[in-house]
Every structure is written in structure tokens, then in C-alpha cells.
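Whatever order the structure lists them in is the order used to number ligands and atoms, beginning at 1. Heads up: numbering here begins at 1 and tracks the sequence. Only a predicted model underlies this, so the values are computations on that prediction, with no experimental measurement involved.
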Amino acid sequence: MLKGRSILLGITGSVAAYKSIDLIKRLKQEGASVKVIMTGASQRFITPLSIELAAGDKIYTDMFEAPLSHISLPAGADLFIIAPASADIIGKYANGIADDMLSTTLLAYSGKVIIAPAMNWRMYENPIFRKNLNYLASLGIKAVGPDRGSLACGEEGVGRMADIEKIMESIITSLTVQDLAGEQVLVTAGPTREYIDPIRYITNRSSGKMGYALAAIAKRRGAEVTLISGPVSVIPPDGVDVVTVGSAREMRTAVMEALPMSSIFIMSAAVADFMPVDVRDSKIEKKERLQLNLVKTRDILEEVGALKSKPFTVGFAAETGHRLDRARKKLLGKDMDMIVFNDVSRKNAGFDVDTNEVVILDRGEEKKLPLMSKKDVAVAIFDRILELKENRL
Ligand code: CTP
């Protein structure tokens, strides 16, 4: 996601400084090149050697060691992240103070800046600090976190540096073209549960990973996102409006409620096709044989397809075998704009894995994608949606 991007990382004096090692690793994993500047105070918490080893490159600590590096470093950077950002660096930055390598480089940088504050909750609540933070925000400098939790001093409060993944998401979002800005994306994800009695239910193998990846990518590209989710264990992306549901019936109600506000609707949930005719009030006792009487659930997508006015509608077709013909039949039958076919009998595709291998079908074309991460599949799906939406105009 950050291939070819050049990131400047400033580390300041906070107990959270050791977490910068993970941040450096994640940035490199995503393909970014990272240049690190450490303040004097940060070196009391973590050694420059540890950071240098993680970065695999020379790090910068002293502005007099490599004169003019405070000018040359910012020149090639796509983004400057300060993590952890102490009250000190935030105060200096807001007031234009440049008295060490980091503050001087920051002042010489005119690109995107993100800060990840970390401090004691009293310092965070101090009105002087707040004034500095608000002033930076008014200049477009983004703050990620801090989070609530136990602090280094042993107290509870808001002041913990944001999670590394949360920081990564805000870096990636800042460097992503906001081509879905203005779109209201509605995504469904996960399985549904159809109860037989108070204890037992019928469900399927869907993990929700594909739908959650779609929601995360839509958010990253600037859309307002609502995610209607069946029971899953995936953590929802930040900033997404999540509606949790249990049964197919509940999912239908939630979809119909959110649909009028949506411009793009993606039905990636694995809705149960059958539900018990009647749900027992008490636990069914053990016996030699049990016959369940099931009835078809309402097809949500079919219902949406039949509406006169509807958003750009995308469905999924999970098939066993290369049944593109079945997928195309569903596309036309449920009057969708696009359907994403995947053969769930293939290794590393479909249920409960992080990768997928799909074919995107629309009214005219078929696009076969190679095996890739579900996030990359989500990127390809939105690329195609935007292409088709533009052609419609
Ligand atoms: N779908 C739906 N409501 C249902 C069942 C399915 O909205 N009650 C949606 C799924 O979310 C998916 C699409 O319809 O986007 C296709 O689902 P799939 O299970 O592949 O196909 P079905 O139409 O249910 O047909 P079959 O089970 O016979 O393959």
C-alpha cells in the first residue's frame, strides 16, 4: 500500500518510543522507505542502535552532524509522522520553535504531517497543550489518538499512543487518492445465524473478512461507510458505522433501512438460504433422529434488484467449481450492476482465508484477477465500480 513512498518518522521522548520499532517494520512491510529522526529525550527510552537496526539505515539525531540534512531530508518525503509525539514537540511545532534536529526538520517540511500524541492525561488535558493541538489541527495537521488506557505512571486515562495499526491506517489514508469522497457505501458482511432453539443455530463458514476489507478500503478512499455485519470476530475499521445483526431477517431490515442513503451497495454477506419454519422456545431434547423443517429466507439482493430507484448494486457469487455461468445468471436475475464470482472450493480463496481469487463480472465484461489479498481484491472492486459509474454519466 505504500510502495515507493518515502516516510519521515520523528521519535520523541515517551515510554511509547519502543513501539516505533513496530511502526518502522510495518512501514517497510508496506513498501515504504523510512528515514528516522530521534530527539535527545527519545534516546533515554530506546537506543538509536535498536532503531537503526529496525530501519536498516542511518538515523538522524544531531543537526550539526550532517549539516543541511534538516533541509535535504524533507525535500524527498511524502509524509512526516511523529510517533510518539510528546507535549514538548507539539508545543515547539505549534510555536515555530526549531532547536534540535527534529523540530528544525519539521519546520522545514511543507508536506503532510501526522502526529501520534502520547503523554500523561493531565498534560493532555492542559489548556495550554490543547491550544497548541487545536492550532495544529487548524493547519490541517492530523492527530491520531491518543487512546484511553493504563498509562506509564500507573494511572488510567486518555494519553496512550494510538495502536500501530491505527497509525498505519491514518498514514495510508493520507496518501490515498480520495476518489470515493462523496459516496455513501453500504456493505454487508459475514454469515447469518438462523436459530433452531435458544441454544442451536444454522450458519455457514463466512468469516466476514471480504466485507470488512471492502469497508476498510472504501473508508480509506474517502467514502462514508455503513457496514452491516453478521456475527464475526474481525475488528471493524475505524470510522465506519457498524450495524450488527444476527439472522437473515435482521440483515434484511438493516439493509432496507440504510439503502435509501446509499450510493453504492455491496452485498458480500453469506446470507442463510434457509431458516427453520419455527424456532423452539426451549432446548430440543436429545433423541435418535431429528428432522428439521426449513423454509427459504427472503433474498435481500433480489428485493433490492427489483426496486425502481437503487444504488449501484454489487453481489457476490460463491460457487463450488468454475461456474461463471451461474454467476452471470445471478447478475441478470437479481438485476445487479456487478457480481464478484469466487470458486470457494479452491485453496486460498473464499471462506476464512486472507486471500481471494475472483472474477468481476458486469453487464458487458469479465475481469479475472489473480490470487491476491482480500484488501487488494477490494481495491480492484472499487476501481471497477468507479469505472462503470463514470461510463454511466
Ligand atoms: N443473497 C441475498 N439474500 C439471500 C441469499 C443471498 O441477498 N437470502 C445474496 C448474497 O449476499 C450474494 C448473492 O445473493 O451477494 C448470491 O448469493 P449466493 O448464495 O451465491 O446465491 P443464491 O442466489 O443464494 O443461489 P444459490 O445458493 O442457489 O447458489
Could you check whether Glu194 and Thr192, counting side-chain N and O atoms only, form a donor-acceptor pair closer than 3.5 Å?
yes
Between Phe341 and His322, how do the two ring planes meet: parallel, tilted or perpendicular, split at 30° and 60°?
perpendicular
Interfacing atoms of ligand 1 (cut-off 4.0 Å, heavy-atom, Thr297):
8 (N)
Which residue supplies the protein heavy atom nearest to atom 2 (C) of ligand 1, what is that atom called, and how far is it?
Asp299 OD1, 3.3 Å
Atom 20 (O) of ligand 1: the protein heavy-atom neighbour that sits closest, reported with distance to 0.1 Å:
Lys330 NZ, 2.8 Å
When you compare ligand 1 with Ser268, is there at least one nitrogen or oxygen pair between them that comes in under 3.5 angstrom?
no
Is a side-chain donor or acceptor of Thr12 paired with a backbone partner of Pro84 at a separation under 3.5 angstrom?
yes
State whether the shortest distance between N or O atoms of Gly315 and N or O atoms of ligand 1 falls below 3.5 angstrom.
no
So is there a nitrogen or oxygen of Met336 less than 3.5 Å from a nitrogen or oxygen in ligand 1?
no
Considering residues at least two apart in sequence or located in another chain, which fulfil the ring-ring contact (aromatic ring centres under 6.0 Å, His included) criterion with Phe80?
Tyr109
What part of Thr188, side chain from CB on, backbone N/CA/C/O, both or neither, has a heavy atom under 4.0 Å from ligand 1?
neither
Any ion pair linking Asp88 and Lys92 (charged N to carboxylate O, less than 4.0 Å)?
yes
List every atom of ligand 1 that sits less than 4.0 Å from any heavy atom of Ala317, numbering the atoms from 1 in the order shown and giving each element.
20 (O)
Would you say Thr47 and Ser50 are linked by a side-chain donor-acceptor pair, where the criterion is simply a distance under 3.5 Å?
yes
Any N/O of Ile300 closer than 3.5 Å to an N/O of ligand 1?
yes
Specify the protein heavy atom at minimum distance from atom 19 (O) of ligand 1: its residue, its atom name, and the distance to 0.1 Å.
Asp273 OD2, 4.1 Å
Remaining members of the apolar cluster that contains Ile202, side-chain heavy atoms under 4.5 Å
Ile196, Phe274, Ile284, Leu290, Leu292, Leu294
Which heavy atom of the protein is the closest neighbour of atom 12 (C) of ligand 1, given with residue, atom name and distance?
Phe316 O, 3.0 Å
Got an N/O contact under 3.5 Å between Leu301 and ligand 1?
yes
Which bit of Arg298 gets closer than 4.0 Å to ligand 1, counting heavy atoms only: side chain, backbone, both or neither?
backbone
Looking at ligand 1, does any of its N/O atoms fall within less than 3.5 Å of an N/O of Glu319?
no
Between Arg221 and Asp383, does at least one N-O distance fall below 4.0 Å, as a salt bridge requires?
yes
Within the structure provided, determine whether Lys142 and Ile115 are in side-chain contact (heavy-atom separation under 4.5 Å).
no
Relative to Tyr60, does Lys58 satisfy both conditions: NZ or CZ under 6.0 angstrom from the six-membered ring centre, and within 45 degrees of the ring's axis?
yes
Below a 4.0 angstrom heavy-atom separation, can you tell me which part of Ala269, side chain or backbone, both or neither, approaches ligand 1?
backbone
I'd like to know if Lys334 contacts ligand 1, where contact means a heavy-atom distance under 4.0 Å to any ligand atom.
yes
Can you tell whether the side chains of Asp78 and Lys112 come within less than 4.0 Å, N to carboxylate O?
no
Name the closest protein heavy atom to atom 28 (O) of ligand 1, giving the residue it belongs to and the distance to 0.1 Å.
Arg326 NH2, 3.1 Å
